[in-house]
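Right, one structure below, let's go through it.
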Amino acid sequence: MTGLLYKTWEELESTFEHSFGKTTDFVKVPVMFNERKCWILYYSSLVGSANLSSKLMLPFSQHAGKAESLEQFRAAALASINYMYLTDWIQIARQLNKNSVCILVEGEYEALSIEIGGYTERSISEPEIQQSIYGPKIAFTESIETNISIMRRVLRTKSLQIESYDLSSDKVTGAVLVYLDDVIAPELLQEARQRIQRMEGKKVATLNHLLEGLRDDKKANFFPTLMINERQDSCVAQLLEGRAVVFMEGSPQGIILPAVFQDFFKSPEDAYVPAAMMLFMRLLRYCAFFITLLLPGIYIGVINFNYEIIPINLAIVIAGLRSNLPFPSVIELLLVEAAFEIMREGSVRMPKVVGNALTVVGALVIGEAVVQAGVVSIVVVIIVALTGLSSYAFTYYNFAFSIRLLRFVFIGIASILGIFGVFLGCVILFAYLVNQRSFGYPYFQMNSKRSLL
Amino acid sequence: MKRTYFFILMFLLVTALDILCLFQNEQWNFLVMYSQSKKLVVAILLMITAIIYCAVMDWKERKKPGDGREALRDQKNG
Amino acid sequence: MNLATDVGRDAWIVPLICTFIGMFLFWWFLYIIRHSEQKTIYSLFKQSLGQAGGSILGVIYITYFIYICARDMRDFSELITNAVLPSVPLEWITLCFMATVMYVLWIGEQNFINLFVIFGYTVAAIFIVFVVLVIADGQFDFHNLLPIMGDGIGPLLPSTFTQVMEFPFGELIAFTAFAGTMFPNLPGKVVRAGVFSVLISGLLITLTILIELITFGPSIRERALFPLVSAARNISIGNFIERIEMLVIFAIMLAAIVKVCIFAYAALQGVVWYTGKAYKSLIIPYLLLTTVISYYVSNNMSEHIIVGLGFIPVFIHIPLQFVIPALLLILILIKSRWRKQNDRSIV
Amino acid sequence: MIKLRMLLAGLVCTVLMMTLGGCADRIEPGNLLVITAVGIAKGEKFRYHFYFEGINPSEFTETKRQNISNSFLFDNEADALSGAISAISQEIPLKPEFSHMQLIAIDDELLREGDYDYLDFADRFDQIRNNLTLIAVKDKAMKPIFSTTSPSLTIPSFRILMQLNELHEKVGGNYPTSLLQFINNLTQSGRNPILPVAQITNPSDKAESMDYAKQLDKQTKMDLHAIAVFREDKMVGELKDREARNVIVLQNQAKNTIYNYSCDAQKTISSALQYIAVNKKVMYRQNKPVLKVYMHATGTINSIQCANYFTGKSVEYTKINKELDRTIEKELTATIINMQTKYKSDIFGFGEKLRISDYKKFKEVKDRWNEEFARADVEVEVRVNVQRSGIRGEPFTNRIKNKKY
């Protein structure tokens, strides 16, 4: 409704009805402003009553009588709050949704909207997913302001730039691009801005939509090219390295923009650990990566196709264990893998009140009973348990999703071609990794010194 | 259809080179080599798929004279 | 394929000599490309022999590249059928191998060069582990090598010049097909790096033959079809580190993939030069063609070796790897001198 | 979101690959018969009589033990090893698997005839590894060798290998030759192969049952002290304990061994030799080959039986050294001369040394090297350096007669 806000004061009631609907949390308060009628509009769910009274009602009652115009009143009473003058109802609605309060005075054709907010938020808590022994125990929260303050607390330099964007269809949920302008590469900054701006129109509500938008290629993307991080120190470290971080309203994780394959094997606590230990931990993570990916495939390949690889003593033991078993080894492995995945999913989804008895009971009972009954050989249970455990060894949880999927691909190839198939699978996997790009940077880089470009 | 013709030319030339290399040792005979049915069937199948692939690519390119890249893209998500 | 088998005890000297010849060859091939301001060998043919002659020679080179690619694919698939999966048909293994090569070629040359860097690291690591295990195993005997060159240099020369110089080292000509496009004006650094890598790979081949000779002596090495794999099978330390031939086969596979990709890429660059079509759309047909040819490269293993190490190096490698580049070199020198004269005359 | 069509396409092609693809090679370890040893003897009806020793894997896992014998032996007659293998599948439903074979035992009758046709399959077959051990078996004792049980390890072929390695490590009595070395020596000029010989002393059927392994004193014992000597490609004879040990020493394969000499009637001084290094040279003086052997080793005194012979002073060490040198030289020369006269075959590798030192002469003599070896002179020079005498200096027998304290 461009043009004047209202023709006559009385028909305002109907316009409220029309533009804001009958939501219970929309509040309109008729007050007197220097003998003139005036409306105060806000959403009670977004504006805390304590804030409202201290920031607005108190100064209103003192100064309202003396001030001539709205501007005069604002300059006198509400100097410290950022404000905006709006002339049409769509912008008013948007500002109200951004936890602010609008004041409409008879005779003036501009509504004053002031940022109040103050609804209840979660306080800063410890990171649950990415715990680490050393380092600060601060995790990001849902609101962007606290996240930015967490970052600014450590990086107290003027070069820490924060650009905010309004995503989602009605441009309300905010997203913030944080970077150090003296360190970041200009084309990376340019590319990041473009990708976020390109998403402004679309429906972006959750982090996943944002990830979808920021990703490189739209097709199936096995390996994550963006790091989801909830720890303060690792985000700061990445910023200093010249990367950008994106925060989104309502999601407690920051997205670190260009993330290369090698980054997923670095953990935030590596900085606090002596160099030798750091190398050892990284080597361990690489071994965990290959164990999770290839061990079942190699097991099937060795057992079914190239039995001569196993030394004699081990061969006799395995032959003994596997004699007269009902299932062929591939089916048996898939069954136990499926059981393990179900148990894992059960333990994650289970409400805390039941306690994690399920995992312990599940593992023990099923593991023991199955082997006792002679349905499955112990070797398979060992292999599956080892792969299952090593898939937890990664610092970034979303990295393990793809590997757990690829594991089954390798089992399939191994059941067809044996060890030769696993080798071919490795070559194809590395070819796929080399072909990936994360924001223009090659995904799988061997020489770390030009880690960014 | 430039691509298919070139492909068939290459196929003939390489088989010629292949037979030339094999021809020089006396006890090699043509029949034993080309009469193994399993190998022959697979070879024919592969060659047919290759030629059909070339023909389809050429046919796609007939409409758009640009180089093969767009044709390839249509073919992939066509 | 085991090299220089007829020389027996001194088989390791032949690749040592050929390494230095190979270095010169590589420098010579890149010299041709650099000094003719042409990107690829195909454009060089066109420039020096005109449109008709150039395209005939170009087509011959494409056939040559495809044929060598097919031979190499067949060689590797024979290794897999004999040593790894005895009762899986050869056709099926070649098909799977070709599918991998197709994908590796599909991702574009900048990517698969990075991929080969990774393969390089892996093969180097596997080779070091293999050498350490052979030495730790202790079942070797240096006396198999003595007396070095017992019969003098005489018997070495035929297999040097008719086999080893062409087979691993002459095949560097494949790089002329795409070296120009990958590094625009072939700076000195690239040539030096290339020559150095030829030296390293030559020494690598010499070391493998040395290890084979040490572990089981000349008479078995001559009869072994896959000597490196047999050498890996003999290692047994402490009854646990025993069966590592799979590791060696993995390294050989990586090497085979690199070689097949290089040759296929060289051939594809030629086809792109002559038909002007997109490189990615040509991968599938030409690799299927290579697979079909690899079925009919030879009827049995011995024929594969006789033709591969006997006939081809002399009647196919020498003309295409030495005679034609020599002609090109002379043409370039004449042109540059002729151009220098009329420059002086104009000035 | 992966489109449904791509998912379906993926599924279809995996199923296709599964069915059309070559999982021909898939074998379940359950129905695999792990064959650990093969014995070959002369057959009555067919050329060869093959013995295959397989393993009952379930015996090695506690959960599935049925207390039957750990390994079982089955044999059949065939013209070739591949024929015998296919014959196995008629008897046993399992698929024989040869990649874990440790031992090939060949009857000495076949070796004496120089008949190696069955070995080509072992050299060519990709599953059989050529670093398995080869032994010769005397007087048709093939069946008892593979069926006598032993207390520690009840798989006969393992027991043979363990005993051979023990002998080689501790006493230097015998040396497990691998198939690779045997074929190498057969096919390369300059050295004739040798093989350890296995014999059974007073074989009895009782020894084949499991409970025999539990009995205390055993009459049927496996003896592995002898060496089979070959000339060109035929087995020509056998060398017994002491001579066998000397051959192993001369082949530089002995890790530690024991030599003793008599200080006076029936009394000996024995010393254990370690770090034995033997290098051999061949020279031609006036067109007559001279075999020179240099040996040096460090020794420790094991036992002294003569009284007042050794009082721990260093001058006595040199005396013992000299005595040991002379005895070992005598023994080694005797062995070589015995080989020259009795068997006329160079099993020590002098031919190889000639090839290394004088290649022209070697090429001349290559074909008739055994005759050349037979007429060669022998010069052995030994230098033993006895350094230690255990944890006692003077033997207590000195103190019996003149008690010092």
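Residue numbers start from 1 in every chain, and the chains themselves are labelled A, B, ... in the order their sequence lines are given, proteins ahead of strands. Given the structure is predicted, the values throughout are model-derived calculations rather than measurements.
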**Message:** What I want to check is whether the side chains of A:Ser234 and A:Asn229 have a donor and an acceptor closer together than 3.5 Å.
**Reply:** yes
Would you give me the side-chain donor-acceptor pairs under 3.5 Å for residues 278-285 of chain A, sequence neighbours excluded?
unit_1, atom_1, unit_2, atom_2, d
A:Arg282, NE, A:Asp270, OD2, 3.1
A:Arg282, NH2, A:Asp270, OD2, 3.3
A:Arg285, NH1, A:Phe265, O, 3.0
A:Arg285, NH2, A:Ser267, OG, 3.3

**Item:** Part of C:Ile80 within contact of chain A (heavy atom distance under 4.5 Å)
**Value:** side chain
**Portion of C:Leu254 that has a non-hydrogen atom of chain A nearer than 4.5 angstrom** = side chain
**Message:** Whether A:Arg195 engages the ring of A:Phe439 as a cation-pi pair (distance to the six-membered ring centre under 6.0 angstrom, angle to the ring normal within 45°) should be assessed.
**Reply:** yes
**Complete:** If one checks every heavy atom of A:Ile419 against chain C at 4.5 Å, the contacting part turns out to be side chain
**Asked** How are the rings of C:Phe76 and A:Phe420 set to each other: parallel, tilted or perpendicular (split at 30° and 60°)?
**Response** tilted
**Request:** Go through the atoms of C:Met246 and report whether side chain, backbone, both or neither lie under 4.5 Å from a heavy atom of chain A.
**Result:** both
**Request:** Please determine if A:Arg322 and A:Glu332 form a salt bridge, counting it only when a charged side-chain N lies under 4.0 Å from a carboxylate O.
**Result:** yes
**Complete:** residues 93-105 of chain C vs chain A, non-hydrogen distance cutoff under 4.5 Å, contacting residues -> C:Ile93, C:Cys96, C:Phe97, C:Thr100, C:Tyr103, C:Val104
**Prompt:** Aromatic rings C:Tyr279 and C:Tyr265: how do their planes relate, parallel, tilted or perpendicular, breaks at 30° and 60°?
**Reply:** perpendicular
**Asked** Checking heavy atoms, do the side chain of A:Leu433, its backbone, both or neither come under 4.5 Å from chain C?
**Response** neither
**Residue, of A:Ile310, A:Ile428, A:Leu424, that accumulates the most heavy atom pairs under 4.5 Å with chain C** = A:Leu424
**Shortest non-hydrogen contact from C:Leu90 toward C:Glu78** = CD1-N, 4.0 Å
**Prompt:** Which of parallel (below 30°), tilted (30 to 60°) and perpendicular (above 60°) describes A:Phe399 and A:Phe223?
**Reply:** tilted
**Message:** Closer than 3.5 angstrom, by distance alone: can the side chain of A:Asp263 be matched with the main-chain N or O of A:Val260 as a donor-acceptor pair?
**Reply:** yes
